[in-house]
Every structure is written in C-alpha cells, then in structure tokens.
Amino acid sequence: MLDLKFLRENLEEIEKRLKTRGGDADLSGFKELDAKRKKLLTESETLKARRNAVSEEIGKLKREKKDASALVAEMQEEGAKLKSLDTDAAAVEEEMNAFLLGVPNVPHSSVPIGKDSNDNPVVRKWGEPKKFAFSPKEHTELGEKLGILDFERAGKISGARFSLLMGLGALLERALINFMLDVHTTEHGYTEVLPPFMVKSSALMGTGQLPKFKEDLFKIEGWDHFLIPTAEVPVTNIHNDEIIDEERLPISYTAFTPCFRSEAGSYGKDVKGLIRQHQFNKVEMVKFTSPEASYGELEKLTDNAEDILRRLGLPYQVVLLCTGDMGFSSAKTYDIEVWLPGQGKYREISSCSNFEDFQARRAGIRVRPKGGKPRFLHTLNGSGLAVGRTLVAILENYQQEDGSVIVPEALRPYMRGLEKIG
RNA sequence: GGAGAGGUGGCCGAGAGGCUGAAGGCAGCUGCCUGCUAAGCAGUUGUAGGGAUAAAACCCUACCGGGGGUUCGAAUCCCCCCCUCUCCGCCA
C-alpha cells in the first residue's frame, strides 16, 4: 500500500510510473475521492469539537448542581446530524482504503521499463550448460523410469498438478530441503522458522495477495483461513503490528514450507511434470531491514539463493524483471533461472524482491530508530530455492546416458553418501 | 466443547461515566552532578488524520483487543466477535 500523502503529493508522477507496469494502474478517481473524504472529515470533526466542548460545559454545570437541560436538549439534536455524517465519512474512508489496497507498488528507478518477460535483461550468468553426448531427457521420463516420480498415481489421489515422490525421490527432496536450510542458517545468517501453513485473510492482506488475487489461493471452506501460497505470507507477518528497535535489524528468516496455488489461468502451461503444481515445497528467505539498507540486502539475498545453485553445480542466469513483469507488491525483483537440459531452456527457480515499505505499511511493521520516531521498515523475500524445481534441475543436469542420475557432491551427506540414483 | 480470569502507551501497571491521552514505575531523550562505570537530581518523551506555519510553536479529531449500542458525554455501562491464561473434557 502506498502512503496517502505521498500519493496525493506525487499523483501524476506515480500514475506515470504505474502505467509502465501495464494494465491496472487507474488513479483517475483518486482526486475526487480524496476531496470528498477531506470534506466529510472536516465537517464531522468540527461537529465533534463542538460536542466535546458543550459536553464539558454540561459536566461542569452538573457538578455545580446547576440546570443543564437546555444544553443537553440542543446536543441531542446535533447528535443525529453527527451520526449520519459519520456514517458517510466511514463509508468514504473505507472506499479510500479499498482503493489504496488495490494500487500496486511503484517500481524502483533501477527497474527497466518493459512490457513482459521478453524485456527482462539478463544481469549475469553462472556455469556453462553441459553438452550431452546423447539427447538429454526431461525429468518426467527420467523420474518415472527410475521409479522415484509417479504422476499417474498422484492423479488417482489428488488429480492433475500433484506429484508423488517415491523412495530415493522422496529422499532427494528431503535432502534438498535440509541442505538449503543448513546453508542459509549456518553460512548466510538466517534464523530458521517453521510457520503455520494456513493463514488468516488479514495476513494475506498484509503481504498483498489479498484483496486482489483471491482466485490464486485455496480457501478453507467455512473458515477465514487459506493455505499459504508461499512462506512469505506467514513469515513476513511474524512481526505485523510491531515496532522493532533499529539495532535488531536486519532480521533474516528462512523457512521451509509447502506452498499451495490454484494456478488459475495457467491451463495448458507446464501440464506435465513437477514444474507447475498445486502443491510444492519451497525454502524461503525473508528479511526485515531499514529503508536505507534494503537494496544492499536485496543483492545479498539474491546471492544467497544463487549460492545454493552454485554449490549444486547447476548453471543459471539472473534476470531483472522489467516493469511489466513484476509482481503487485514488489518494487524490484530478480528472477533466478536454472538451466534445464531436458527443455533446453532456463526456467525460473527463485524470485527475489524488495517490497520497500509496501508490505510493512499494510501489515503495520515499523522500526524505531535510536531515540527517533517509528517509521515503516522494508521487507524483502526470495526463494532459496523452489525445491521441486531444484529436483528437476538435478535430474536433468546430472542424468547419464543409461538414465541414472549422479548425486551432486554437496548433497551426498544428506543422501546417506549415495553417489548415484539408478 | 464446558467453566473461570484477563486484554490499557516502547514495556510493566493503575483507573470502574465528565476534572484522563490516560497515575506510578521501567526504558528513552535533555541538562546537572560524579576519576570511569553504576547510582542520584531536574525536565522531557505515544500513534494517526486534519488545520495553521517559511519551518516550528500551536489548534482540532480519533485511538485503552476488534466491531456495534446506550448517553449531552464511554478506557469505564450493554451486546457480538477475536486473542491470551487457568481448570475440565477430547485428541496426535
């Protein structure tokens, strides 16, 4: 959510920059709404000031045992007027709030202007895509032949876009989770958390998934709860409505959770395999920083995610999302894309974003500078990494001609020393 | 699920219709004092919205878990909801 004053004072500039995101940045109704709000507020406050003054007078008269009935009668009449005025004011306030909740974040000045993912510049690459002496297979075929992935049975249980990991596949997934968490906690300075996998709507409001993107979520029937689409939601909301002393920043959390997404509107995309699932595992990194430090921390956080890929020996590239391809709440986002030989392309495996104070304002997360006034802090998060897609990348990058898969060295301690699957 | 207790400022904690934005304490800030540290003394310190101003000072409004109600006036009375704690039941 943008700051009301900031929006009021920079309306044209903000509108111009939001337009670069494409689509939904319509601020045309704002001026009128803002004026209406101000008018009602001023009227209501004037009446209230009067009421307070008269009430005090009445109190004084009563204490002196004098007659106050004339004033009381007068105020009874005023009361009705105030009540209707307040009803209107509350309605406008709510309208304003709903409006603000629907406005996306303003892209940072370093974000390139563009229409869609084709306009995302590659900012760096690591590793060389391996040349295979044979035609490399996709993970689906490899996994099914090895008996570690079973999509058919997953379908019987849960339908399309679910997966069933068996035997060494399940172990590999678990190994990846433990490996990632260990690296982030022991080497990158993150504190591990294991949050709830269901959250209230207010938490989703705080991080920006609600109110606009309800159709992407799974709701628990009869409850105000949703399955989390990412650990970002419960972990960022750990500190909602808190004021954190500045010397405690930055705060860095890492969390493993399953993630649940309806994938509405993705029909026909990635229908096969582990790439796009209704349920998948992810290790997430979340940071709370001072406004001054957030862009430096974004670079660190992105590098922390890249580090996992480097240790696993998986080639990747980092792209900077252009204005047209960014998420609703983000001010700047890097996507990390891992090389998948089976598909012959780079595919997203992590998304690292700085939200500036957009989420903090919604969730009420502030920092108190030493001796100063509280202000909203900055929040960041990134996948470190999407576990299922990492498993795909390992199967495809480490496949051998006979269909077996070498276990990357970094993972072997987590795989009972196993060097090869199959 | 049943029974009780409770949710007040950065924190602890009083207040039980008007004189309360809220005593007292802690913490913070400023000054004094003191070889240093600690202690002591005095002053000061909530958040948000609006008005005023060159900027302040200043003025108004709201906020005592959330929402509604009663009243001229609500932290205080009434109703609904949420959360925490204790006991009982149930359960991994």
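Chain letters run A, B, ... following the sequence lines, proteins first, then strands; residues in each count from 1.
Of the residues near RNA chain B, Glu56(A) and Thr46(A), the one whose nearest nucleotide (by heavy atom distance) lies more toward the 5' end is Glu56(A). Between Ser55(A) and Arg50(A), the residue anchored nearer the 5' end of RNA chain B, judged by the nucleotide with its closest heavy atom, is Ser55(A).
Across rU53(B) and rC80(B), the matching C1' atoms stand 46 Å from one another, rounded to whole Å. Here, rC26(B) and rC79(B) have their C1' atoms 37 Å apart, quoted to the whole Å. Nucleotides rU44(B) and rC59(B) are separated by 16 Å at their P atoms, to the nearest Å. Across the C1' atoms, rG18(B) and rC77(B) are found 15 Å apart, a figure rounded to whole Å. rA62(B) sits 15 Å from rG67(B) when the P atoms are compared, rounded to a whole Å. For rA5(B) and rU61(B), the P atoms lie 37 Å apart once the distance is rounded to whole Å. Taking atom P on both rA75(B) and rA16(B), the two are 14 Å apart, rounded to the nearest angstrom. Between rG25(B) and rU8(B), the distance separating the two C1' atoms is 15 Å to the nearest Å.
Under the 4.5 Å side-chain criterion, counting only non-hydrogen atoms from C-beta, Ile228(A) is not in contact with Leu204(A). In this structure, the side chains of Leu227(A) and Met198(A) come closer than 4.5 Å at one or more pairs of heavy atoms.
The interatomic distance linking Arg375(A) (CZ) with rG10(B) (C1') rounds to 17 Å, in whole Å. The distance between atom CG of Leu47(A) and atom P of rC60(B), rounded to the nearest whole Å, is 16 Å. Taking atom CG of Asp241(A) as the reference point, atom C1' of rC63(B) lies 13 Å away to the nearest angstrom. Across the protein-nucleic acid pair, Lys200(A) atom NZ and rC83(B) atom P stand 7 Å apart, rounded to whole Å. Lys60(A) places its NZ atom 13 Å from the P atom of rU20(B), with the value rounded to the nearest Å. The distance from atom CG of Leu71(A) to atom P of rU71(B) is 18 Å, rounded to the nearest whole Å. As a whole-Å value, the separation of Met75(A) CE from rG73(B) P is 9 Å. Protein atom CD of Glu93(A) is 17 Å distant from nucleotide atom P of rU61(B), rounded to whole Å.
The residues Glu93(A) and Arg37(A) are annotated as salt-bridged, a charged nitrogen and a carboxylate oxygen being separated by less than 4.0 angstrom. Taking the charged nitrogens against the carboxylate oxygens, Glu77(A) and Lys81(A) have no contact shorter than 4.0 Å, which rules out a salt bridge. Using a 4.0 Å cut-off between charged nitrogen and carboxylate oxygen, Asp303(A) and Arg310(A) count as a salt-bridge pair. A salt bridge is defined here as a Lys NZ or Arg NE, NH1 or NH2 lying under 4.0 Å from an Asp or Glu carboxylate O, and Glu396(A) with Arg347(A) fails to meet this definition. The existence of a salt bridge linking Lys5(A) and Glu9(A) is excluded, since no basic side-chain nitrogen approaches an acidic carboxylate oxygen closer than 4.0 Å. Arg361(A) and Asp357(A) are joined by a salt bridge, as a carboxylate oxygen and a charged side-chain nitrogen come within less than 4.0 angstrom of each other.
Using N1 to N3 plus N6-O4 or O6-N4 for Watson-Crick, or N1-O2 and O6-N3 for G-U wobble, each under 3.5 Å, rC32(B) pairs with rG40(B). Pair assignment for rC11(B) gives rG25(B), based on Watson-Crick or G-U wobble hydrogen-bonding distances that are each under 3.5 Å. Under the Watson-Crick or G-U wobble criterion, with both distances below 3.5 Å, rA55(B) is left unpaired in every strand shown. Base pairing analysis places rG4(B) opposite rC85(B); the two distances defining the Watson-Crick or G-U wobble pair are each below 3.5 Å. The pairing partner recorded for rA48(B) is rU61(B), the criterion being a Watson-Crick or G-U wobble arrangement whose two distances lie under 3.5 angstrom. Across all strands shown, rG18(B) forms a Watson-Crick or G-U wobble pair with rC72(B), both key distances being under 3.5 Å. The partner of rC91(B) cannot be assigned: no Watson-Crick or G-U wobble pair with both contacts below 3.5 Å exists in any strand.
The side chain of Asn52(A) places an N or O atom within less than 4.0 Å of a non-bridging phosphate oxygen (OP1 or OP2) of rU61(B). The side chain of Arg368(A) contributes no N or O atom lying less than 4.0 Å from OP1 or OP2 of rU45(B). The phosphate of rU71(B) (OP1 or OP2) has no side-chain N or O of Lys83(A) nearer than 4.0 angstrom.
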Using a cut-off of under 3.5 Å, enumerate the N/O to N/O pairs linking the protein to nucleotides 48-53 of chain B.
| residue | atom | partner | partner atom | Å |
| --- | --- | --- | --- | --- |
| rG49(B) | N2 | Glu45(A) | OE1 | 3.0 |
| rG49(B) | N2 | Glu45(A) | OE2 | 3.4 |
| rG50(B) | OP1 | Arg8(A) | NH1 | 2.9 |
| rG50(B) | OP1 | Arg8(A) | NH2 | 3.0 |
| rG51(B) | OP1 | Lys38(A) | NZ | 2.4 |

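In this pair, His188(A) and His184(A) present their aromatic rings tilted. The plane angle is within the 30 to 60° band.
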